[in-house]
Each structure stands twice: as C-alpha cells, then as structure tokens.
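Structure first, commentary second.
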2 protein chains.
Amino acid sequence: MRVLKHAILGLLDRGEMSGYDIMTEFKDKEIRHFWSAKHSQIYPELKKLTDEGLIEFKIEIQGEKLEKKVYSITDAGKKELNKWLSTLEQEFITLKDEFMLKAYFISSIPKDEAREQFFNELEKHKNRLSFLEEEFEKLKVVIGDEITYESKEFGNYLVLTNALKRENRYCEWLEDSLQFMK
Amino acid sequence: MRVLKHAILGLLDRGEMSGYDIMTEFKDKEIRHFWSAKHSQIYPELKKLTDEGLIEFKIEIQGEKLEKKVYSITDAGKKELNKWLSTLEQEFITLKDEFMLKAYFISSIPKDEAREQFFNELEKHKNRLSFLEEEFEKLKVVIGDEITYESKEFGNYLVLTNALKRENRYCEWLEDSLQFMK
DNA sequence: AAACCCATGTAACGCGTTACATGATTAT
DNA sequence: ATAATCATGTAACGCGTTACATGGGTTT
C-alpha cells in the first residue's frame, strides 16, 4: 500500500516542505480528518523516499545554525504520484472504527454505562462538527460562492464537505441509538 | 490499544467459537463493516489470550481426526472485556480513509481521470449500500417492528444502521463531487 | 477426481505508536 | 528566564497483511 509514501508525494507536489511542515499538515490541516502520521514515521519515510529518488532535499539554515531539510518532489516522484492517483481500487476496504466495535458488543454492559459511552462519543462528534463548520465558513470566505476543479482549494473543499457529512450522520446515529437506551 | 484482543473477547462472550469461526465473523457478519482481521492474526492472538488466562479452549474432533480448538471466555476475560467496554475514550481518533487522501490531491491529475476515480468509488459504495439494505431487511424480519437494548440483535442493529447511514452519505458526497468534474 | 470448504499454524515484512533523545529559535 | 515552538532523529514494540505451509472433510 505505502499510503504515507503517497501522502508525502501529494503534499510535496504542491510545493517544497520540511519534515516538520509535513507533520503539521497532519496535525492542523484539513487532511487530518482522514489521515495522520507522527514525526517518528515521517522522518524515516522521507529518508526512504530520498533513497528511492522520488524526492530530494536542500539544507536551509534557520537563524544561526538550525538546519532544516527542505524537500521537493522529483520527476520520478511525480510519475509515481500520478500512478497512485490514477489506479482504480477494486477491493472494498473495511473502514475501521473502534467505537463501532464497542457498539457491536454494547449489550454486555449495563444500560446506564452504555448510555454513558454513547453520550461521551456524541459530545466528541458534536465538538468536531462545530469545529468543521467553522473551518468550512473560513473556506467559503476564501473561495467565494463558486468552487471548481481547477481551484487551488478544491481538495480542501472535498475533504471538508465529506467530513461535515460524516460527523453530521454520526451525531444523528448516536442520538437515534440513545433513544433505545432510555 | 489491543483492539483485536477485545474484539475476540466480545465475540467469545456471546458463546464458544473456534479460530475459524472468528475468521468468518470478520468475513461474513455485520461487524465486517467496521473491523476485520485475517486468520494469520487471529490464531497468534488466540494463543496470546490463552497464555494471559483470558480465554481457554477444549479440543473437538470433526469427522475422523480433524482437530478443532473451541475457545471460551474466562472470568478474567469477562472482566477485561467489561473494562474495555466501560472505558471512556477522550481522544478524537482520526478515522482513516485512503480514498479521501486521494481526493485531497485529486487536482494533480486531469479532470477526466479524476471523474473515473470518483465514478469507480461511487459504484463500489452503491453496491455496498444495496447489500446493506438487503441485510437490513433480513434483520427486520428477525426482530419485527421493535428493537430494544436487551435484544440479542441490538449490536447487529446498531452496526447496520450506522453502516447504512455511512454508505448513504458517502454516495451523496461522491455524486455531489462529480458535479464539479463535468 | 476436482473443487471447495474446514481448520490451524508460521515467517517475512511493512505500517504505526510510544518513548527516548537532542538541540535551536522565538515569543512572553 | 522560561515556555512554546521549530527541527530532526532512533529504538522498542505492537498491529496488520501477504505469502508460505499443511492437511482433513464435503460436495459435485
């Protein structure tokens, strides 16, 4: 699969970045709603991609002597990214969700504890939902009324609209399910 | 985390099973929409749980000499399962979705190829959706008009209703997004 | 007889997290 | 000065997939 490999190639295709920058993408930017990676995974992966010739780096100095490796994608890297983006996945991959596993077994604990589980989950998803709504409002300011395939913000738009729908229906489902635990 | 550990404990809490039975649960039953594991992961995990005293097994013979290990949960195992089911998770875990990562970078490929990607994904989710609808109809026959927390089928009901909502909104989002790729 | 399902295991490898480890720069 | 942020790495361990490996039982 090598998903992180392609995530990094995709990010670098937009412009050069350091390992630290990539780390913050997964921590702060839209894509964090669907993928993440820690710096301890990113740095070895960058080394590997460099060895494979898919990316390259130059060293920049911050301030007096702090070294920063600024990575950029190579032609081979662009080719690999395009290959991944164009490959049609035929298999249906299970989208794993640990809370749903708990839900499947929930009858093993008393009803009031189950309600507590669901209520806690609902709070989390409600928080995420209002955060997403704020993010979406900000995006609307940037893109105006129209969004097109060619827009620089198209990826953000896709990810945010999907995340919004996801959290909306998750909240709905949690609320519906809580009705059975009264 | 040890998610598989608790998945196995949850399954065995409903009744004794072999490793093969557990494998088929993840392949054929409702929970496959949110979790899965291969036999190569299940058998070592069963060994580990046995060593930890959370489950135990007896050997049954199928036919002439085919040995089957039938596992059951111990009191220690039930305690551990209850602990896991009652623990409130405070962190918001990123629900990973590789297709959404592709969507984030989709502008890197030509519009017609992007449309193909989204169309392929839509077909997969539509198929899954009609399959879920069939599964839900079957469940409705079993449970009748009412479902309660105490019902044996409550876990199935929760998982199926969530999966239905998930696939519905995924299809909606894919169709909406395709509008921008004309 | 062949195909398919039941049944169990191991080995190699890759993915991912937590913890260990260090040091510079910037903002308060 | 001290806290937060910028910046990069490694080590140990656990999770998960693919492939290797074997053999019995059932159905066509």
Side-chain angles (χ1 to χ4, degrees), chain A residues 1-9 16-28 31-32 34-52 55 57-71 84 89 91-98 101, chain B residues 1-9 16-28 31-32 34-52 55 57-71 84 89 91-98 101:
Chain A
M1 282 173 293
R2 302 283 309 270
V3 183
L4 180 60
K5 164 182 174 173
H6 297 103
I8 291 175
L9 291 177
E16 49 180 45
M17 297 178 114
S18 68
Y20 192 85
D21 294 333
I22 291 170
M23 187 190 76
T24 57
E25 290 279 325
F26 289 126
K27 215 173 61 183
D28 303 325
I31 193 55
R32 78 183 184 289
F34 296 101
W35 208 264
S36 70
K38 320 265 169 168
H39 78 275
S40 55
Q41 200 186 351
I42 293 164
Y43 289 115
E45 189 65 39
L46 285 169
K47 199 177 178 182
K48 206 172 169 185
L49 292 175
T50 306
D51 293 345
E52 292 170 347
I55 62 175
F57 68 89
K58 57 175 189 249
I59 289 175
E60 276 184 11
I61 305 292
Q62 300 290 98
E64 286 291 300
K65 53 177 172 175
L66 182 58
E67 288 193 351
K68 184 164 80 162
K69 289 183 181 172
V70 181
Y71 291 88
W84 176 69
E89 179 59 56
E91 301 276 305
F92 199 101
I93 297 157
T94 300
L95 297 170
K96 291 190 172 185
D97 183 340
E98 186 175 343
L101 196 60
Chain B
M1 281 175 292
R2 302 284 308 270
V3 183
L4 180 59
K5 165 182 172 174
H6 296 103
I8 290 174
L9 291 175
E16 50 181 44
M17 296 177 113
S18 68
Y20 192 84
D21 294 333
I22 291 169
M23 186 190 77
T24 57
E25 290 279 323
F26 289 125
K27 215 173 60 182
D28 304 326
I31 194 54
R32 80 182 184 288
F34 296 101
W35 208 264
S36 69
K38 318 267 171 168
H39 79 274
S40 56
Q41 200 186 351
I42 293 166
Y43 290 117
E45 189 64 39
L46 285 168
K47 198 179 181 182
K48 206 172 168 186
L49 291 175
T50 306
D51 292 345
E52 292 169 349
I55 62 176
F57 69 89
K58 57 175 188 246
I59 290 175
E60 277 183 10
I61 305 293
Q62 301 289 98
E64 286 290 300
K65 53 178 171 173
L66 181 58
E67 287 193 351
K68 183 164 81 163
K69 288 184 181 172
V70 180
Y71 289 89
W84 177 70
E89 179 59 56
E91 300 276 305
F92 198 101
I93 297 158
T94 299
L95 297 170
K96 292 191 172 183
D97 183 340
E98 188 176 342
L101 195 60

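All of these numbers come straight from a predicted model, not from anything done at the bench. Just so it is clear: chains get the letters A, B, ... in the order the sequence lines come, proteins before strands, and each one is counted from 1.
A straight line from NZ of A:Lys38 to C1' of D:dT8 spans 17 Å, rounded to a whole angstrom. Per the geometry, CD1 belonging to B:Ile93 stands 15 Å off C1' belonging to C:dT18, to the nearest Å. If you take CZ of A:Phe26 and P of C:dT17, they are 11 Å apart, rounded to a whole angstrom. Rounded to whole Å, the distance from CG on B:Leu4 to P on D:dG16 is 7 Å. Regarding A:Glu52, its CD atom lies at a distance of 10 Å from the P atom of C:dG14, rounded to whole Å. Summarising the geometry, the separation between CE on B:Met1 and P on D:dC13 is reported as 17 Å, rounded to the nearest angstrom. Summarising the geometry, the separation between NZ on A:Lys96 and C1' on D:dG14 is reported as 13 Å, rounded to the nearest angstrom. Atom CD1 in A:Ile42 sits roughly 14 Å away from atom P in C:dC15 (whole-Å rounding).
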Pair up each side-chain donor or acceptor in residues 44-51 of chain B with any protein partner under 3.5 Å, not counting sequence neighbours, and list the distances.
| residue | atom | partner | partner atom | Å |
| --- | --- | --- | --- | --- |
| B:Glu45 | OE2 | B:Arg2 | NH2 | 2.8 |
| B:Thr50 | OG1 | B:Leu46 | O | 2.7 |

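Rounding to the nearest 0.5 angstrom, the gap separating the CE atom in A:Met17 from the CD atom in A:Glu25 is 3.5 Å. For the atom pair NZ of B:Lys68 and CD of B:Glu60, the computed distance is 5.5 Å after rounding to the nearest 0.5 Å.
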Assess the residue pair B:Ile31 and B:Phe26 against the criterion (side-chain contact (heavy atoms from CB on, under 4.5 Å)); give the C-alpha distance rounded to whole Å, side-chain angles, the decisive distance to 0.1 Å, and a yes or no. CA-CA 6 Å; B:Ile31 194 54; B:Phe26 289 125; 4.2 Å; yes
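Checking the phosphate oxygens (OP1, OP2) of C:dA24, a side-chain nitrogen or oxygen of A:Lys65 falls inside 4.0 Å. For the pair A:Arg2 and C:dC15, the criterion of a side-chain N or O lying under 4.0 Å from OP1 or OP2 is met.
Not a single donor-acceptor pair under 3.5 Å links the side chain of A:Lys58 to the backbone N or O of A:Lys69. Remark: the backbone N or O of B:Ile93 is not paired with any side-chain donor or acceptor of B:Glu91 at under 3.5 angstrom.
B:Ser18 and B:Asp21 share a donor-acceptor pair across their side chains, judged by distance under 3.5 Å alone.
When each of A:Ile61 and A:Val3 is assigned the nucleotide of DNA chain C bearing its nearest heavy atom, the one mapping closer to the 5' terminus is A:Val3.
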Using a cut-off of 4.0 Å between protein heavy atoms and nucleotide atoms, how would you tag nucleotides 4-11 of chain C 5' to 3' with B, S and -? -SBBBBBB
